[in-house]
Number of protein chains: 2
Amino acid sequence: MTESALETDRAAGALPNRGSDSHAVAARFSALSHPARIEILKHLSASNSCCCREVVDRFDLAQSTVSQHLKILVEAGLVRFESDRQRSRYAVDRAALADVSASLNALVNSCCSGR
Amino acid sequence: MTESALETDRAAGALPNRGSDSHAVAARFSALSHPARIEILKHLSASNSCCCREVVDRFDLAQSTVSQHLKILVEAGLVRFESDRQRSRYAVDRAALADVSASLNALVNSCCSGR
DNA sequence: ATCGTTCATCGGCGATAAACGATGGACGGC
DNA sequence: GCCGTCCATCGTTTATCGCCGATGAACGAT
């Protein structure tokens, strides 16, 4: 972790968090910043729940690559993981997704109201 | 640009755009995927319009680094640029930002309705 | 017990991102 | 003209991403 750039804010005192930590928000956007992951999200939500293989068949990416993308989505908290036998079930965490959307809305609002 | 992963979709024919091109959406999220850029956005919107220097003073990043971040935001279409004498004025493009927010909302909705 | 399937992880590779210092162009002021 | 300021860009370094094939664990079925 770079842990330097924005720490100015903290170091400069004052502003403890200022609403939602931009670091955390950025992390979630980061998970959404790849077309494959967006498509995977759509696919997951359409099928309600998928195993890795299913996704692999859908997009022609190597299984390892898909697994990686799924991992990133899970780590970002956007997708929930559940081990089911030898399969792995992945499902969109709609609440979390809505939350990200809310964060963005908040940012947009802060940009407009702060005008 | 990798231009390989999701191109499967295109190459496989059919789906020309499927609503909003996930590629384009991902690109915008990518611009938002760095904490510094989020903070810069907030700062820009608070001050309505800033020159580069102003941002540099605010966050302790090198001038070149800030300039780069600003460039990324401009290229993503989230910030508008205007050359004003020897200064450079940067201002949030609120419409574009709202647009990104709308894209995300659409994604969330497609995830919930597609259930 | 031996396959076949599913999946996560490792190691490697090329490409991109992120940060910086240094350079030089464009202006304004002296 | 000569500085000082503001800024974009270049070149470099380091870290991370994105992709893959290969490996091995876990499990079901035969």
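So you know, we letter chains A, B, ... as the sequences are listed, proteins then strands, and number each from 1.
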*Could you check if a side-chain atom of B:Leu32 sits within less than 4.5 angstrom of a side-chain atom of B:Leu41, using non-hydrogen atoms only?*
yes
_With sequence neighbours excluded, residues passing side-chain contact (heavy atoms from CB on, under 4.5 Å) with A:Asp57_ = A:Arg53
*How close or far is atom P of C:dG21 from atom CG of B:Asp60, stated in whole angstroms?*
11 Å
Under 3.5 Å, which donor-acceptor pairs do the side chains of residues 68-93 of chain A form with other protein atoms, sequence neighbours left out?
unit_1, atom_1, unit_2, atom_2, d
A:His69, ND1, A:Arg37, NH1, 3.1
A:Arg89, NH1, A:Ser49, O, 3.4
A:Arg89, NH1, A:Ser49, OG, 2.1
A:Asp93, OD1, A:Ala95, N, 3.2
A:Asp93, OD1, A:Ala96, N, 3.1

*asked:* For B:Ser67, give me all partners under side-chain contact (heavy atoms from CB on, under 4.5 Å), at least two apart in sequence or on another chain.
replied: B:Cys52, B:Gln63
*Any residue meeting side-chain hydrogen bond (donor to acceptor under 3.5 Å, both in side chains) with B:Asp99, in chain and number order, not counting sequence neighbours*: none
*Could you state the atom-to-atom distance from CG of B:Leu61 to C1' of C:dA17 in whole Å?*
14 Å
*Write down the distance between CG (B:Asp84) and C1' (C:dC27), rounded to a whole number of angstrom.*
11 Å
*Which residues pass the side-chain hydrogen bond (donor to acceptor under 3.5 Å, both in side chains) test with A:Ser103, sequence neighbours left out?*
none
*asked:* I want to check one thing: is the phosphate of C:dA19, taken as OP1 and OP2, less than 4.0 Å away from some side-chain N or O of B:His69?
replied: yes
*For B:His34 and D:dT16, give me the distance from atom NE2 to atom P, rounded to whole Å.*
11 Å
*CZ of B:Arg85 versus C1' of C:dG29: gap in Å, rounded?*
15 Å
Restricting both atoms to N or O, compile the protein contacts to nucleotides 7-11 of chain D shorter than 3.5 Å, with distance only.
unit_1, atom_1, unit_2, atom_2, d
D:dC7, OP1, B:Cys52, N, 3.2
D:dC7, OP1, B:Ser88, N, 3.3
D:dC7, OP2, B:Arg53, N, 2.4
D:dC7, O3', B:Ser88, OG, 3.1
D:dA8, OP1, B:Ser88, OG, 3.1
D:dA8, OP1, B:Tyr90, OH, 2.3
D:dA8, OP2, B:Ser67, OG, 2.8
D:dA8, N7, B:Gln63, NE2, 2.9
D:dA8, N6, B:Gln63, OE1, 3.1

*C:dA17 P sits how many Å from B:Glu75 CD, rounded?*
10 Å
